[in-house]
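The structure under discussion appears below in the form of structure tokens.
Values below: all heavy atoms of this structure, side chains included; hydrogens, waters and symmetry mates excluded. One-based numbering, in listed order, for ligands and for the atoms of each.
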Amino acid sequence: MQTQSGSTFNRSPKQHFSEIASSWRDSSKSYLTDLASIALLLLPLTLSNALAIFLGHVCRVSGLAELSQLLFHVSDILINLYPSAFCVVAGYYLSHKTNVSSAVFIIYSLVLFYLVSIENGSLSATYMLPNNPLIALLSATLTYVYCTIFKIRLLEPQALDFSSRLLKHVAHFFLFVLSALALSQFMSLLITGFGGLIDGLAVDPLTLQGGLIYQTVLGLLGSIGINGHNLLFGIKQQIYAATQANMTAWQAGDATLNVISQGFYDAFMSMGGSGNSISLLLCVLLFARERNHLMLALAATPLVIFNINEVLLFGLPIIFNPLLIVPFVLVPLVSFLVTYGCISSGLVPPVENIVNWMTPPLFSGYVAMGNQLEGSLLQLVIIILGVMIYRPFYLAYAGKFSAQFRANSAYTGIETSIFKTLLNNVRDSNNTSISKASAQKRLTSILREGELVMFYQKLQSTKDVNIFSYEALLRYIDKDGKLCPPTFIADFQMLNSMPLLDKLVIEKVFADMQQMILSKDRRVAINISVATIEQEDFVPHLFARLAHYGISPEWLEIEITEEAILSNKVFLINTMEALQAKGIRIAMDDFGAGYASFPHLLKYPFDKIKLDRSLLLDATDQKGKDLYGLVAQLGHVTHCEVVAEGVETLDEYQFVEACGVDKVQGYYLAKPCPLIQVLLEQ
Ligand code: C2E
Ligand code: MG
Ligand code: MG
């Protein structure tokens, strides 16, 4: 979410610090959301890999050696493709935050990824594919930075200035390739430097001390969302090579098995994923009181079984969470010491197999220790120990979480109180007329049994698809979960309850706006009724709520229907000017729907007019068409932005575009949708 700008001069150090803290919170939140979304988009690939491994093991145990080999081969290919897929998905995801087309963005990301990987020799030995997901993420992120700094317009074949755009695209891409080349040289220096630093520390992960340091670094990297196995890939390769050499020597009878090996790390330090997340999962399943924690744990279970912990890590979240990072780092260290102690004292045999990292815990221990039950038993002990370590930290976090949750409920308490007043008002209205009595009955059941929610419909510029705003529209979800249009608004009007309903809508929309990416050019419009506008306390109430939610007035637009204009002229003009002075824009809704619209346009200081669909429906003959064009021009003469409402078809779109409207709203472009969809598309 963006923050409001203000003067830097009269802020105290405390305010300054809290602003920095809040901007850090915002950016880390968006980093987390980005990482989580990318990880989730890749789940089909990771799960297919897990399935191939699982079926491979099943075939192996059932004596179907060839089929088992084939399945492991498929898994090997998928694992090798993973970093490239990661780059594509990250590129696709980040492209939506720029005005560059996704296809172009992905090409840029892949070019950077391959260039850096080739220059630095980080290619898989078997398939010569780039093998480092961290570089993949970095490539997509740098592409994002580049495309944000050096903006470029879409390359559309039908554009009149196609050749000049093409030239700009070539220059843009060529400069990018040159920068990528320079970067890859720099990275190579950095990686050599980092490798040198690690070598300088003389950390040998095959010894007790070196292993503990290596495991701590892995945990700390994991706690900021970085897969340490990728960053410390060189070390991992060394461990792998040393393990293979030791096993060959052991098989030839020339050496005993090392206590610490690749299998040691894979089977005992990453059960359920990094941080031995399976212990955390069990901890949540056993002790969670929050329903959403339990739901999260249940959803993550099928993944954690195959050592994929992204859903759990990002869902709770663990990364950047000072409380949960402690056990996340500590549990693998304790597991390390316990496994080391058990093996070196001869209590359990040493690890003699490298097990695929996706093999489920308990089974992986069994295979790692050469099909010995001791392996599974040791894993079980470590998992239980892990649960005991995670428990106090998780409970402290969950307690804090519920306190926060309670605070948040108090925060939205105003919404609850408005709702109660609304319900009481409707129920208590003593109506004698039949129509009012039935409106009262309908509304009482609506408010008691269902839920009022906000939907958002896009209004898109005819000049640039990347310029758009939203209109907030009220919807009702009935007790059976059916979504209904706001036909009940007429009932509220009849019972004089519109001001309360509008207040409720304001609370809901402002809470949603906190989560959206908004600006002066990407606003949310709220429909406000006549009765509300006429209230003395409307303007102060609106400003107070904006300040409460930390929303800039410049992100807001208010739509007033023409009937409102029939009320007290001076009062309305004063209200409009007070709103506009703070940056709120005001639109005249349903222009041309019946009242005498034209004079109002001159009398009142509107910023925008929305041409009603009925005008468009009348534009079937030349006269109607001319009228539509004239009305659009009239809007421009009065310096208003002109919006065409209710555009349902391509023909209608082309017609209103030709009439010179600035923005279009209608089913042809987008239907009203829930907040979640808006957030996903941003
Ligand atoms: P409106 O402000 O003119 O909103 C536009 C209406 O047109 C919406 O109907 C929208 O769903 C519909 N619409 C959008 N595109 C098309 C299209 O291509 N074809 C057709 N035929 N219709 C389209 P909705 O949501 O049923 O709202 C009806 C009216 O109810 C709104 O008209 C507005 O006056 C009122 N309303 C809706 N939400 C609120 C609210 O939160 N507060 C207040 N006070 N009034 C609201
Ligand atoms: Mg409207
Ligand atoms: Mg309208």
Basic-acidic side-chain contact under 4.0 Å: Glu652, Arg613: yes
Pair Lys608 + Glu559, salt bridge at N-O below 4.0 Å: no
Ring pair (Phe, Tyr, Trp, His ring centres under 6.0 Å) against Phe655, all qualifying residues, sequence neighbours excluded: Tyr628
Stacked cation flag Lys582 on Phe543, 6.0 angstrom / 45 deg: yes
Ser519 and Asp521: side chain donor to acceptor below 3.5 Å: no
Distance-only side-chain donor-acceptor flag, Asp662 / His636, under 3.5 Å: yes
Check ion pair Arg585-Glu641 (N to O, under 4.0 angstrom): yes
Closest Glu471 atom to the Mg ion (ligand 2) [N, O or S only]: OE2
side-chain hydrogen bond (donor to acceptor under 3.5 Å, both in side chains) against Glu645, all qualifying residues, sequence neighbours excluded: none
Is there any protein N/O under 3.5 Å from an N/O of ligand 1, and what does the full list of such pairs look like?
from, atom 1, to, atom 2, distance (Å)
ligand 1, 2 (O), Glu471, OE2, 2.9
ligand 1, 2 (O), Asn527, OD1, 2.9
ligand 1, 2 (O), Asp589, OD2, 2.7
ligand 1, 3 (O), Asp590, OD1, 3.0
ligand 1, 3 (O), Glu645, OE2, 3.1
ligand 1, 11 (O), Arg475, NH2, 3.4
ligand 1, 15 (N), Gln457, NE2, 3.0
ligand 1, 18 (O), Tyr667, N, 2.7
ligand 1, 19 (N), Glu648, OE2, 2.6
ligand 1, 21 (N), Glu648, OE2, 3.0
ligand 1, 22 (N), Tyr667, OH, 3.4
ligand 1, 25 (O), Arg475, NH1, 2.8
ligand 1, 25 (O), Arg475, NH2, 2.9
ligand 1, 38 (N), Leu474, N, 3.0
ligand 1, 42 (N), Asn527, O, 3.3
ligand 1, 44 (N), Asp502, OD1, 3.0
ligand 1, 44 (N), Asn527, O, 3.3

Distance below 2.8 Å from the Mg ion (ligand 3): protein N/O/S atoms: Asp589 OD1, Asp590 OD1, Glu645 OE1, Glu645 OE2
Close aromatic pair by centroid cut-off 6.0 Å: His548 and Phe510: no
Modelled atom types, side-chain donor and acceptor of Ser529 and Asp502, under 3.5 Å: yes
